[in-house]
Amino acid sequence: MKKIMDITIVGSGIIGLLSAKSLIDAGLSVQIIEKNAASLESSWAGGGILLPLYPWRQKKAISELVRLSLTLYPRLSEQLIQATMVDPEWWPCGLLISKNPDIDMAMQWCEKYSIKHCLAPKPLFKSFHTNPLNPLWLPEIAQARNPRLLKSLRTFLGQHNQVEFVENCTFNKVVLKNKRVTAIETSSGNFSVNHLLLATGAWTGQLTEQLFPKYQPVAVSPVKGQMILLDAKVGDLTFMILDQQRYLIPRADGKILAGSTVEQTEFNKSVTDNARASLHQFAIELMPSLKKALLLHHWAGLRPATKEGVPYIDLHPEIQNVSINAGHFRNGLVMAPASAQLMTDLIVDRTPSLDPSPYQLTRTD
Ligand SMILES: Cc1cc2nc3c(=O)[nH]c(=O)nc-3n(C[C@H](O)[C@H](O)[C@H](O)COP(=O)(O)OP(=O)(O)OC[C@H]3O[C@@H](n4cnc5c(N)ncnc54)[C@H](O)[C@@H]3O)c2cc1C
């Protein structure tokens with residue numbers, strides 16, 4: 001008879017994959033169900049800046065996850081390189097924030113969360129055309145290259161016997177008995193379940209409404225983000241820059257990402273000419289040397305939004321063997337390692353790494 005894995009995870013974005021890693025580190029076996037080939041949604045599409053944009057303007061619950069994640073990323077990256085030879089390109093290249101009307105708050109936040117910071121020296125602006133206002137330089141802020149990080153994690157998990165991937169498999173029905181999910185019905189057949197973990201990103205609201213019509217759906221909905229990629233040479237840009245609501249991110253091979261839009265379009269993930277033109281305009285105005293750079297790629301992803309960007313990381317309050325780890329909105333990459341650790345703490349019932357109350361499903365916000 002086929003072994004039933006300890007945890008059935010739905011979703012193979014960064015949250016599903018890192019939850020899987022954290023759960024196997026705790027000695028559990030996992031099955032990962034994914035409707036596409038692995039990891040092609042928001043986690044693939046994101047920029048990979050490992051800091052929220054202006055974190056001091058956001059909820060403390062976000063900063064707490066960020067603080068823990070930032071301590072976990074360097075070792076995670078090292079472990080993945082060693083085990084898989086796929087480099088997630090975790091790169092502490094630094095982040096320049098050009099305009100900070102709330103510089104005192106920014107400095108206080110950096111001090112509280114031990115983020116190295118200073119007022120940006122003028123030479124950092126030599127390639128840019130912008131009017132800095134209390135510019136802030138965060139020399140140790142890192143990025144990860146999303147597709148590489150996901151590929152590396154996917155490879156790592158594939159090396160473990162306690163992990164089973166079921167890809168191209170859509171799941172939209174549960175068998176519920178006495179407030180427990182006993183099985184899930186999927187496009188690849190039925191699977192018995194010990195514990196079901198939903199890491200379904202932007203689809204979590206819609207899915208929970210469909211699966212558990214008697215219970216409150218989880219308040220997560222899609223918000224589209226578009227990005228472009230420009231051709232440039234190694235050394236043209238060596239750090240990330242945030243200029244008001246948009247940013248440039250150099251990759252290790254020199255190419256430069258410009259992002260991003262924030263659009264309410266439900267589940268429509270198509271790219272638009274307007275967004276491409278507006279992102280391109282932003283990039284060449286800020287960094288005029290990019291005028292000659294070829295526009296190589298343009299894509300979109302659906303961020304899993306919650307009202308204030310705080311994710312849900314919790315055991316379901318009514319259904320005994322269901323958990324949710326979703327709703328990371330604009331900060332899923334940077335909050336993922338800590339979210340995965342907290343989710344595992346709750347599932348295996350060990351002392352939580354941080355206070356779980358802000359991430360509860362029953363919170364009111
Ligand atoms: C343009 C853009 C820029 C971004 N930049 C950054 C950044 O710089 N830094 C940062 O930290 N974050 C950034 N983000 C946000 C970050 O990408 C997301 O918060 C994060 O990827 C969410 O991860 P996830 O695993 O929850 O969702 P996803 O990656 O979307 O994964 C969810 C998975 O669940 C699967 N799924 C859903 N329903 C089902 C079902 N019924 N059956 C089977 N499978 C299912 C989906 O196919 C998908 O693979 C950005 C996002 C975008 C779009």
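No experiment lies behind these values; they were computed from the predicted model shown. Just so you know, ligand 1 is whichever comes first in the structure, and atom 1 is the first atom listed for that ligand.
Contact atoms of ligand 1 toward Gly11: 33 (C), 34 (O), 35 (C) (distance under 4.0 Å to a heavy atom of the residue). Atoms of ligand 1 lying under 4.0 Å from any heavy atom of Gly201, numbered from 1 in the order shown and given with element: 26 (O), 27 (O), 32 (C). Close approach of ligand 1 to Arg303 is summarised as follows: ligand atoms under 4.0 Å from at least one heavy atom of the residue are 1 (C), 2 (C), 51 (C), 52 (C), 53 (C). Of all the atoms in ligand 1, the ones that sit under 4.0 Å from a non-hydrogen atom of Asn331 are 10 (C), 11 (O), 12 (N). When each atom of ligand 1 is checked for a heavy atom of Gly46 under 4.0 Å away, the hits are 2 (C), 3 (C), 4 (C), 5 (N), 50 (C), 51 (C), 52 (C). Heavy-atom proximity to Gly301, at under 4.0 Å, picks out these atoms of ligand 1: 53 (C). Near His328, with a cut-off below 4.0 Å to any heavy atom, the atoms of ligand 1 are 19 (O). Taking every non-hydrogen atom of Gly225 and a distance limit under 4.0 Å, the qualifying atoms of ligand 1 come out as 1 (C).
Looking at Leu40 against ligand 1, nothing comes within 4.0 Å, counting heavy atoms. Residue contacts with ligand 1 for Pro304 involve side-chain atoms from C-beta outward but no N, CA, C or O (heavy atoms, distance under 4.0 Å). The backbone of Phe329, and not its side chain, has at least one atom closer than 4.0 Å to an atom of ligand 1 (non-hydrogen atoms only; backbone = N, CA, C, O). Using a 4.0 Å cut-off between heavy atoms, Leu333 contacts ligand 1 through both its backbone and its side chain. By the criterion of a heavy-atom distance under 4.0 Å, neither the backbone nor the side chain of Leu50 is placed next to ligand 1. Here Ala199 has backbone heavy atoms under 4.0 Å from ligand 1, and that is the only part of it that gets that close.
Checked against a 6.0 Å centroid threshold, the rings of His160 and Phe156 count as neighbours.
For the atom pair CD1 of Ile32 and CG of Leu17, the computed distance is 5.5 Å after rounding to the nearest 0.5 Å. Atoms CE and CD, on Met240 and Gln143 in that order, are 5.5 Å from each other to the nearest 0.5 Å. Separation of atoms CD1 (Ile313) and CE (Met335) is listed at 7.5 Å; rounding is to 0.5 Å.
Scanning Arg330, Glu34, Lys173, Lys35 for the heavy atom closest to atom 33 (C) of ligand 1 points to Glu34. With atom 23 (O) of ligand 1 as the reference point, the heavy atom nearest to it among Gly327, Ser43, Pro311, Gly13 is part of Ser43.
Closest to atom 9 (N) of ligand 1, if we only count protein heavy atoms, is Ile49 O, 3.0 Å. For atom 25 (O) of ligand 1, the closest non-hydrogen atom on the protein side is Ile15 N, 3.2 Å. Protein heavy atom in closest approach to atom 5 (N) of ligand 1: Gly47 N, 3.0 Å. The shortest contact between atom 41 (N) of ligand 1 and any protein heavy atom is with Phe171 O, 2.9 Å.
Residue Gly16 has no nitrogen or oxygen atom sitting less than 3.5 Å from a nitrogen or oxygen atom of ligand 1, judged on distance alone. Polar contact check, Ser42 against ligand 1: a nitrogen or oxygen pair lies under 3.5 Å apart. Of the polar atoms of Met227, none of the N or O atoms is found under 3.5 Å from an N or O of ligand 1, judged by distance alone.
Across Asn146, Leu149, Leu153, a single residue satisfies side chain to side chain contact (heavy atoms under 4.5 Å, CB included) together with Pro88, and that is Leu149.
A heavy-atom distance below 4.5 Å is not found between the side chains of Val223 and Leu302. Residues Leu196 and Ile184 form a side-chain contact, since some pair of their non-hydrogen atoms from C-beta on lies under 4.5 Å apart. Side chains of Leu136 and Leu96 form no contact here, defined as non-hydrogen atoms less than 4.5 Å apart. Contact check for Ile347 versus His195: side-chain heavy atoms found under the 4.5 Å cut-off. No side-chain heavy atom of Phe191 sits under 4.5 Å from any side-chain heavy atom of Phe171.
Not close to ligand 1: Ala202, with no non-hydrogen atom less than 4.0 angstrom away. By the 4.0 Å heavy-atom criterion, Tyr247 is counted among the residues contacting ligand 1. The shortest separation from a heavy atom of Cys169 to ligand 1 is under 4.0 Å, placing the residue in contact. Ligand 1 has Ile14 within reach: a non-hydrogen atom of the residue lies less than 4.0 Å from it.
Using a 4.0 Å cut-off between charged nitrogen and carboxylate oxygen, Lys35 and Glu41 count as a salt-bridge pair. Between Glu78 and Arg75, none of the side-chain N atoms (NZ, or NE/NH1/NH2) sits under 4.0 Å from a carboxylate O, so this pair counts as no salt bridge. In summary, Lys99 and Asp243 engage in a salt bridge, as defined by a charged side-chain N under 4.0 Å from a carboxylate O.
Judged purely by atom type and a 3.5 angstrom limit, Thr261 has no side-chain atom pairing as donor or acceptor with the backbone of Ala275. Within the 3.5 Å criterion, the main-chain N or O of Asn168 finds no donor-acceptor partner in the side chain of Asn36.
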Taking it one step at a time, do Asp253 and Lys255 satisfy salt bridge (charged side-chain N to carboxylate O under 4.0 Å, His left out)? CA-CA 6 Å; Asp253 61 6; Lys255 296 189 173 56; 3.8 Å; yes
